[in-house]
Amino acid sequence: MSIESLLTAKVIEAVKQCYGAEVEVKDVQLQPTRKDFAGDLTVVVFPFTRYSRKSPEETGKELGEYLKQNIEEVQDYNVIKGFLNIVISSAYWLGVLNEVAGEEKYGYVKQASGKSYMIEYSSPNTNKPLHLGHIRNNLLGWSVSEIQKANGHEVKMVNLVNDRGIHICKSMIAWQRYGGGATPESTGMKGDHLVGDYYVRFDKEYKAEIKQLMAEGMEEEEAKKKAPILLEAQEMLRKWEAGDEAVVALWRKMNDWVLKGFDETYRLMGVGFDKVYFESQTYKKGRDIVLKGLADGVLYRKDTGSVWADLTGDGLDHKLLLRDDGTSVYMTQDIGTAYERFNEFAMDEMIYVVGNEQNYHFQVLSLICGKLGFDWANKIKHLSYGMVELPEGKMKSREGTVVDADDLMQEMINTARATSKELGKLEGYTEAEAEEVYRKVALGALKYFILKVDPKKTMMFNPKESIDFNGNTGPFIQYTYARIQSILRKAVENGTVIGNSDLHITISDKEQDLIKLIAKLPAVVKEAGDNYSPALLANYSYDLAKEFNQFYHDFSILKEENDKVRNFRLLLAKECGVAIRNAMGMLGIEMPERM
């Protein structure tokens, strides 16, 4: 039983014994004691004065005395106005440290919760490479999945590749017109980069055609609709949906180039999936469902032939589901994909990790699925996150102004290499070993900088700030972990075997605070899972690393002469390392043994 549960039970018992009143768990308000007061946990006394008919101070003293007499872990107490501050004994905290030391997977729930999630993230379009925005999406999706697993939930990590639609046809048309048969092999380019260049080329040519039509006297809006290159792309989409062999063959070839490129990026980023869905395989199901909804009178068709959902009764507007020419839109595809997933897996929640510009889309998706009669419609959840911006402003794929994911990761590795060489910490490492450390530090810097920000917030990404070895950064936490491992290696070299701590030694407030912080990890993992927020674990890791460094600065570890105290401090260092490694591991950040 945790100290919080024990205290709660004993407060209920104390109120009954002292005042003859029955109170419930919800009536006991327990919180960490404020730093400026002595104590570990604070009981709010005010709710019990109605039973004691005494002042909050007197009530607090009576309850405090009862707890001190009846709980051996309670060393002392003090009352400040209506707050009873409880001081927990050092022996209790030393016992907690010993208990933690027996758990290699500390911070992970031991038993399955019985709850299941499917988490969709990445969801790239096969007309361009992954960029900085995708990095935040992938890192969030992967980390949220790992945190839910740590909480004992079953998790399916999935990707939906947007491999069809007008944007894909734009890249295909531009390649046909201007590619001259270029391939990844002939150009030496990654396939996703090659195809992405033609998406940018399409936009350039499209704008030039609009300008030409306007010069010939056409209004801008009409020119945008009648530009020949756009009409070609629209015709190609119709042919693709009709199964035209030549179009489908070109589509398959260019998609394969892109997917191979994506796989390389995912490997470097350290993310993966249990299953990959393709919109080209699910959009037909969505169209069938929409046509059935039309036949059942749930949806309606306009005179032009398009199919719509009327959501005005729900405070929204009318939503297009099939265009005039019968082709599908994103919403139709998402309905089909959701249907297939819920039929395939009986999950409690389907979480879509998608940027906040799609808030309306997922509100509508859930609403339409409900109207179509699917009982899983209320299990759809949108994990909405803020955009990533750069000091120079927003990124635009079609204009080619994005920060490419591959380029950014390579730049981070180069910076980590330069910084590490400057510090000269990897002497004696082979080149391959050193490169592995550079990779861990670079990706640790990138992942931490992105995941330490609350997902809901828009964030500014600054590569130089992220790789700093000081402050609230990934490399600072990794360096702290490496320092701990260095201490432990030296202890082993000295013939020291680290065992459980003696419960009767005297420890300082700082050492006790460090144990308390280690003990918080399971609660932080739960809170991070409940809120879908890796930021809570990132900032916990930083707090723990910062506290350890302060402890390391103030206390001798290896040179401590008292054997029992030295063993305790080594155990404390070791468990700080375990907590940091496990918390950062849930963020997908690897810990170098040496830096």
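The structure displayed is predicted, hence computed values, not measured ones.
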### Task
Start with the C-alpha distance between L503 and N98, add both sets of side-chain angles, then the distance that settles side-chain contact (heavy atoms from CB on, under 4.5 Å), and finish with yes or no.
CA-CA 9 Å; L503 300 182; N98 287 344; 3.6 Å; yes
### Message
Taking atom CZ as the centre, does F362 end up with more than 12 heavy-atom neighbours from other residues, nucleotides or ligands that are less than 6.0 angstrom away?
### Response
yes
### Task
Using the ring pair (Phe, Tyr, Trp, His ring centres under 6.0 Å) rule, pick out the option among F476, Y481, Y479 that qualifies with Y542.
F476
### Message
I'd like to know if the side chain of N137 reaches the main chain of V353, judged simply by a donor and an acceptor atom lying under 3.5 Å from each other, with no hydrogens or angles considered.
### Response
yes
### Message
Can you list everything that forms a salt bridge (Lys or Arg N to Asp or Glu O under 4.0 Å) with E436? Sequence neighbours excluded, please.
### Response
R439
### Query
Checking salt bridge (Lys or Arg N to Asp or Glu O under 4.0 Å) for the pair E22/K16: CA distance, chi angles, key distance, verdict?
CA-CA 6 Å; E22 299 274 357; K16 185 173 184 181; 3.2 Å; yes
Residues 143-154 side chain polar contacts: donor-acceptor under 3.5 Å, at least two apart:
residue	atom	partner	partner atom	Å
S143	OG	M586	O	2.9
S145	OG	G141	O	2.7
E146	OE2	K149	NZ	3.0
Q148	NE2	G529	O	2.9
N151	ND2	I147	O	3.0
N151	ND2	V525	O	3.0
H153	ND1	S113	OG	2.5

### Set of residues satisfying side chain to side chain contact (heavy atoms under 4.5 Å, CB included) with respect to V453, sequence neighbours excluded
R136, K457, M459
### Query
Do any pairs count as a salt bridge (charged side-chain N to carboxylate O under 4.0 Å, His left out) and have a residue in residues 94-105, sequence neighbours left out, and if so which ones?
E103-K110, E104-R581
### Message
Students often mix this up, so state it plainly: with edges at 30° and 60°, are the rings of H134 and H131 parallel, tilted or perpendicular?
### Response
tilted
#### Entry: Y352, OH atom: more than 12 neighbouring heavy atoms under 6.0 Å
yes
#### Entry: Pair R417 + E435: basic N to acidic O under 4.0 Å
yes
### Query
Any salt bridge between D513 and K510, counting N to O under 4.0 Å?
no
### Query
Side chains of L67 and Y77: does their closest heavy-atom pair fall under 4.5 Å?
no
### Pairing residues for K526 by the salt bridge (Lys or Arg N to Asp or Glu O under 4.0 Å) criterion, not counting sequence neighbours
D530
#### Entry: Pairing of K564 and D502 as salt bridge, 4.0 angstrom limit
yes
Just list the side-chain donor-acceptor pairs under 3.5 Å for residues 35-47, sequence neighbours left out, or say none.
residue	atom	partner	partner atom	Å
D36	OD2	R34	NH2	3.0
D40	OD1	K516	NZ	2.2
D40	OD2	I88	N	2.6
T42	OG1	T33	OG1	2.8
T42	OG1	N85	OD1	2.7

### Task
Mind listing the closest non-hydrogen atom pair of A583 and Y540 along with its distance?
CB-CD2, 4.2 Å
#### Entry: Atom pair CD1/OG of I71 and S89 - distance to nearest 0.5 Å
11.0 Å
### Task
State which residues pass side chain to side chain contact (heavy atoms under 4.5 Å, CB included) with E547; sequence neighbours excluded, sorted by chain then number.
L514, L517
### From CH2 (W142) to CG (L587), nearest 0.5 Å
8.5 Å
### Query
Atom CG in N70, atom CG in L6: separation rounded to 0.5 Å?
10.0 Å
#### Entry: Residue pair Y66 / Q17, side-chain heavy-atom distance below 4.5 Å
yes
#### Entry: Residues V354, L383; criterion side-chain contact (heavy atoms from CB on, under 4.5 Å); working and verdict
CA-CA 6 Å; V354 182; L383 174 47; over 6 Å; no
### Summary
Across all chains, not counting sequence neighbours, the side chain to side chain contact (heavy atoms under 4.5 Å, CB included) partners of N470 are D468
### Summary
The salt bridge (Lys or Arg N to Asp or Glu O under 4.0 Å) partners of E120 (sequence neighbours excluded) come to R341
### Message
Applying side-chain contact (heavy atoms from CB on, under 4.5 Å) to V11 and D27, what does each step give before you reach the verdict?
### Response
CA-CA 10 Å; V11 167; D27 301 316; over 6 Å; no
### Message
To the nearest 0.5 Å, what is the distance between OG on S122 and CG on L140?
### Response
12.0 Å
### Query
Can you name the salt bridge (Lys or Arg N to Asp or Glu O under 4.0 Å) partners of K10, sequence neighbours left out?
E13
For a quick test of your reading: what N or O donor-acceptor pairs under 3.5 Å do the side chains of residues 482-490 make, sequence neighbours left out?
residue	atom	partner	partner atom	Å
R483	NH1	N549	OD1	2.7
R489	NH1	E593	O	3.2

### Query
What orientation do Y532 and Y117 show, parallel under 30°, tilted 30 to 60°, or perpendicular over 60°?
perpendicular
### Query
Which heavy atom of S123 sits nearest a heavy atom of N159, and at what distance?
N-OD1, 3.0 Å
### Task
Give the intermediate values and the outcome of side-chain contact (heavy atoms from CB on, under 4.5 Å) for residues I515 and F568.
CA-CA 11 Å; I515 300 173; F568 155 70; 3.9 Å; yes
### Task
For R50, check side chain to side chain contact (heavy atoms under 4.5 Å, CB included) against everything at least two apart and list the hits.
none
